[in-house]
Each structure stands twice: as structure tokens, then as C-alpha cells.
Amino acid sequence: MTGVQTCALPILLLETGKSETQGQFFEIEYQRGDDKKIVLLAANYIIPSHQGYSLFSIYLDLETIHSVDESWNFTAAKFRAVVEQAGDGILILDSQGIVLDWNQGCETILGLARAVAVGKRLVDLFPEMFDNADWKLNDVGDSPHDQLIRNLPLIARSRLPRAFEGPLEHVTGMRKWVHAVIFPIRTEKQRWFGMIARDMTRLKQGEQRLERYAHQLETLRQAGLEISAELGLDALIWMIAPRAVELLNGSAMALYLYSPERDRLELAISLGDKQPQVEKYARRGESLAGQVWETGKSVLWEDYHTGRTSDLGKSYWGKVAGAPITWSSEFLGVLFVFSDQPFVENDLKILELFSAHAAAALRNARLHQQISQIDRKSVV
């Protein structure tokens with residue numbers, strides 16, 4: 001091969017193994033076998049070997065660069081389209097934690113437009129990501145920015161991704177649970193980092209529901225053992241009340257017992273920090289307790305109002321779950337649990353199961369009370 005490059009440079013490179021221009025492209029003229037002169041883009045690399053150094057050279061025909069550029073642009077456009085249409089959030093950070101790029105998935109999951117995020121520090125955009133205990137990356141005493149900056153070089157040196165997750169406040173006010181992975185991006189001159197963020201809110205909610213359900217079942221088992229062994233009616237009522245609130249993670253409760261003599265429901269106990277106003281007595285079909293008595297079915301209200309329906313604005317309270325207490329065909333009462341947080345799908349079923357336990361315990365306590373009264377009369 002003939003050209004403008006001389007042999008002195010390769011020999012020097014092989015002797016020393018060092019070159020400030022290693023990996024940098026330069027142009028040389030080359031005369032092909034058909035006597036046509038072309039310009040090549042060349043680069044040299046020194047590769048250590050057990051016998052010294054080897055020279056590795058790359059040559060590109062500049063005439064083909066335009067077609068290569070067109071192919072690359074097409075490929076880059078397709079790649080960008082994939083990134084933009086990805087359901088996950090994909091973003092690029094520099095070594096100072098400043099956002100360089102931000103795809104559509106980030107806008108959806110994190111709630112900020114690309115124009116707002118690019119050029120900002122990630123910790124400034126989402127300080128709660130590092131202030132929350134679930135997001136901690138390093139020492140507790142570090143600032144959020146220091147945590148991120150200190151961890152990025154560690155990720156770069158190890159060349160291993162770092163996964164973490166935690167809650168974020170979306171711009172809509174909805175609380176989301178996000179799982180994120182930070183990984184190093186290799187470039188010739190820059191140290192960049194990529195992050196893939198995935199919305200795990202539904203999965204997290206599912207896990208929390210399962211955990212809550214498992215806790216409810218264990219609490220239900222313990223409560224069933226406790227109240228079934230209690231024969232004193234007054235003591236039993238005080239055992240049922242806190243267990244009902246605990247089962248549904250409520251804030252208040254109310255227990256009505258049926259009085260056959262007066263043919264009405266009577267409030268046996270109501271307790272809680274945020275106790276709504278409830279009637280002391282209820283006839284069949286009247287008020288909240290009377291409606292459950294009449295239908296014989298459990299109820300779940302998302303917007304519970306006390307007082308008259310014509311004055312709902314002044315009597316609004318919150319959420320309520322209610323279940324009738326029955327033993328076989330015998331109606332014994334109604335149990336309510338109140339909350340300022342939404343109930344989940346299994347809560348009403350749990351309350352119904354607890355009401356069944358309460359029905360058996362109340363019936364036994366009443367029978368015990370009747371027998372005790374008969375015995376006292378016999379003694380007299």
C-alpha cells in the first residue's frame with residue numbers, strides 16, 4: 001500500500017507502546033491498484049501482547065461515509081422511537097446527576113415534561129427520592145445530592161447497575177411506587193449514567209393487599225379464640241369493639257344489639273378517635289343500622305352521611321362498612337366500622353366472618369346470662 005503515511009510512526013508505536021493520538025482518526029491518501037486515488041479515514045490502536053505490542057489499524061473509505069451516515073441516522077431514529085414508546089421511563093444523567101435526556105415514559109411515570117427535566121439535577125426534581133428511607137443510597141447524614149454524586153463513581157468503577165425503589169409524589173397528587181436501576185454508560189470522553197424507572201404501584205398495592213389480608217386472617221383467628229372463651233356479656237362487648245377496628249384498620253366502630261323486648265336495636269358500644277354521630281336506638285328500616293337489619297345484608301359506603309339526607313353537606317363523615325350479626329335465622333345485632341381511608345375488596349368479607357364469630361359468642365353469653373338468672377331465682 002502506498003500513501004502519505006510513513007513507516008516511522010508505526011515502528012515508534014510498537015517500540016514504546018504509547019501514543020497520544022491512539023484511537024484518533026486522521027486522513028491519508030491511498031492509490032488503489034486501478035491507479036485511482038482515494039482518501040481513507042484511519043486510526044491506530046496499540047494492543048499489548050506477551051511478546052511486546054501489536055498494531056491494530058482501521059481504515060474507512062470516505063466515499064462510503066455518506067451512505068453510512070444515512071444508515072446510522074435511520075437506525076438512530078428507529079432506536080429513538082423505541083425509547084420514546086417504551087412503557088418504562090428512560091433517562092440519561094451526567095456525572096453530576098444532571099438530566100441530559102428524558103423519554104415519554106419518564107413524563108408519564110414521574111409526571112414531569114422533558115423540557116422541565118432536562119438540565120436539572122435529579123435530586124432537585126425529586127428530593128423525596130432520597131429523603132425517604134426506602135430510597136437511601138448512602139449514609140443517612142448525607143444530603144440527597146451528595147448521596148447520588150458519591151454513588152455514581154462507585155457504579156462507574158464497578159460497572160454494575162444499582163437497583164433501588166421507593167414512593168414518589170406524582171404531579172397529580174397520586175402516590176406512586178417506582179423501581180429504578182442506575183447503570184454506567186461507556187463513552188470515549190464522557191461519563192454518563194442511564195436510569196430505567198418502572199411504575200410498580202399496582203404490584204406494590206397487590207403486595208400490600210396480600211400482606212393486609214394475611215394479617216387480617218391471623219387477627220381474625222386470634223379474635224375468634226378470645227371471644228369464644230368469654231361468657232360475660234359486658235366483657236365480650238368490650239373485646240369485640242377494638243378487634244373490629246383492628247381488623248379493618250378503621251378509626252371508629254359501633255355495635256348495636258337487638259332487644260326482643262322492645263323490638264329495636266340498641267347501641268351497646270361505640271368508640272374511636274373520630275367517632276361519627278350515631279343513633280342510640282334504631283327501628284327496623286330506619287337509620288343506618290335499621291337499613292342493615294331490614295335487608296339482612298352487609299353494606300359498604302364510600303360516602304357516609306349522618307342526619308337527614310336533605311342536609312348532607314353539614315353531616316358528611318366518611319367511609320363505613322357494616323354487617324348484620326345473625327346466628328342461624330336469629331338476628332342479634334349490627335356491627336359497623338368507620339374509616340377516613342378507603343376500604344379494600346376483602347374488608348367486607350373479613351367483617352362478615354368476624355360478625356359470625358361475634359354472633360356465636362354473643363349467643364353463648366346471652367344463654368349463660370339467662371341460665372345464671374334462672375339459677376339465682378332458684379336459689380332465692
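Quick note: residue numbers are just sequence positions, from 1. What you are looking at is a predicted structure, and each value in this text was computed from that prediction instead of being measured.
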Q.
With clusters defined by side-chain heavy atoms of hydrophobic residues (ILVMFWY) lying less than 4.5 Å apart, directly or transitively, does I269 cluster with L247?
A. yes
- If you measure only the distance, is there a donor-acceptor pair under 3.5 Å linking the side chains of Q216 and N249? no
Next item on the list: With salt bridge (Lys or Arg N to Asp or Glu O under 4.0 Å) as the test, would you mind laying out the steps for D101 and R114 before giving the verdict?
Entry: CA-CA 7 Å; D101 206 352; R114 182 179 184 275; 3.0 Å; yes
Here the gap from R262 atom CZ to R283 atom CZ, rounded to the nearest 0.5 Å, amounts to 9.5 Å
| said: Check the orientation of W293 and F331. Use parallel for under 30°, tilted for 30 to 60°, and perpendicular for over 60°. | reply: parallel
Side-chain donor-acceptor distances from residues 354-366 under 3.5 Å, at least two apart:
| from | atom 1 | to | atom 2 | distance (Å) |
| --- | --- | --- | --- | --- |
| S355 | OG | L351 | O | 2.9 |
| N364 | ND2 | A360 | O | 3.2 |
| R366 | NH2 | Y258 | O | 3.0 |

| T201 side chain vs W177 backbone, donor-acceptor pair below 3.5 Å | yes
In the single-linkage hydrophobic clustering (I, L, V, M, F, W, Y; side-chain heavy atoms under 4.5 Å), do I227 and L271 co-cluster?
-> yes
- Message: Within a 6.0 Å radius of atom CZ on R198, are there more than 12 heavy atoms belonging to other residues, nucleotides or ligands?
- Response: no
Handout entry: Single-linkage hydrophobic cluster L231~L233, side-chain heavy atoms < 4.5 angstrom
Key = no
Can you tell me if E330 and S328 form a side-chain donor-acceptor pair at under 3.5 Å? no
| task | State plainly whether one hydrophobic cluster holds both L255 and Y281, where clusters connect Ile, Leu, Val, Met, Phe, Trp and Tyr through side-chain heavy atoms under 4.5 angstrom apart. | result | no
Looking at I90, is its backbone amide N or carbonyl O close enough to the side chain of N103 to form a donor-acceptor pair, meaning the two atoms are under 3.5 Å apart? yes
